[in-house]
There are 2 protein chains.
Amino acid sequence: MLQKRTPARKPLAPETLLEDVFVNLLRTADALARGAEVLLKSTGLSSAQYNVLRILRGAGSEGLACSEIACRMISRDPDMTRLLDRMESRGLIARARGKEDRRVVKTCITTEGLRVLEKLDAPVRDLHHRQLHHLPAKQLQQLSRLLERARSNGESSCSPD
Amino acid sequence: MLQKRTPARKPLAPETLLEDVFVNLLRTADALARGAEVLLKSTGLSSAQYNVLRILRGAGSEGLACSEIACRMISRDPDMTRLLDRMESRGLIARARGKEDRRVVKTCITTEGLRVLEKLDAPVRDLHHRQLHHLPAKQLQQLSRLLERARSNGESSCSPD
DNA sequence: TGACAATAGTCGTTATAACGATTAATACTG
DNA sequence: CAGTATTAATCGTTATAACGACTATTGTCA
């Protein structure tokens, strides 16, 4: 484990290493996200809307508060209200004031929302496969683990899906 | 190298592995990008504008065509014209029609743009350090390499900075 | 050379994002 | 139990992004 096996793939530039990681992360994320947006465009969903639907499907039938959705999202949206407004007007979600705490608004996915989501499940799996299948499973796990570590610094983690 | 040393950090779910990578990539990128936006907010630059300035500083003094900038950007912007409009009106860049091919518009960074950029150099390095210093160099290199591989599928690579 | 296609960039319009201030309901505190 | 702070969500406004259609310049080829 400690034998000198660094393959010197890059000249080990210590100054630009952090920046390389930063840029590569953003570039790769943008490339993957763009693929997803192309796929979603046919349904008229933005990736934020798709993400909300996924979160609501994963949550129980009792629904989630606005702020809970916001904090579970992949890319945080500062104005959940109007994002949900648009989804409600398309019939994808339903909202209702909470009974106990009348400040909160519980949001649920509708059957229409579920239907739209289900039609996307296979294409999305397929997309991920096309995007990432050229990496062996071991490297995918390594990557996933490193990514989690990378953001383990300053992020308030909400309870996962 | 082939001895059974998988530490079983995760139950090796083969179905959700691709999705995990996808979500972790987007989440981590968002976390890092948000830090950068906070830093840039004091200067009034968006991250796209900052990225353009970096690209133009890296390019020679002869400037770059609109489309060249677009294709080197981290997150592609579909409307370079108005992005550059705003930067020009703030005096950060200068534009001029090409002499040989009068279709192209060459864009250069101004001394004002360079000044703004230089004031950000140290804070940005510092930010990257704060965001990522908890990972040892070896893991950072691994991560960088895996990210490059991950997007080596469907992306048209422009000449790097 | 003259028609047609390709390329570079611009612009009109609509929808969305971003920022801050605001309202409403609940929790705390003396 | 009144006053203040906190929390949840909404709204007004401005700027930006997204999507096409459009103009101008250059290349291609019969």
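Order of the sequence lines sets the chain letters (A, B, ...), proteins ahead of strands, with each chain counted from 1.
Side-chain contact of B/R72 with B/N51: a donor-acceptor pair under 3.5 Å is absent, judged by distance alone. With no hydrogens or angles considered, no side-chain donor-acceptor pair links B/Q49 and B/R86 at under 3.5 Å. Judged by distance alone, the side chains of B/R145 and A/N24 never bring a donor and an acceptor atom under 3.5 Å apart.
Between A/S67 and D/dT7 there is no side-chain N or O to OP1 or OP2 distance below 4.0 Å.
The residue A/T81 sits close to a base: some heavy atom pair falls under 4.0 Å.
In this structure, A/M80 atom CE and C/dC19 atom C1' are separated by 16 Å, rounded to whole Å. In this structure, CG of B/L64 is placed 14 Å from P of C/dA8, rounded to the nearest angstrom. In this structure, the CE atom of A/M87 is 16 Å from the C1' atom of C/dA15, given to the nearest Å.
Put simply, the side chain of A/L39 reaches to within 4.5 Å of the side chain of A/L120, judged on heavy atoms. A/L117 is not listed as a side-chain neighbour of A/L92, based on a closest heavy-atom distance of 4.5 Å or more.
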Inset, instruction - Sugar-phosphate means primed atoms, P, OP1 and OP2; the rest is base. With that split, encode nucleotides 16-25 of chain D 5' to 3' as B, S or - using protein heavy atoms under 4.0 Å. - result: SSBB-----B
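In terms of modelled atom types and a separation under 3.5 Å, the side chain of A/S47 and the main chain of A/E37 share no donor-acceptor contact.
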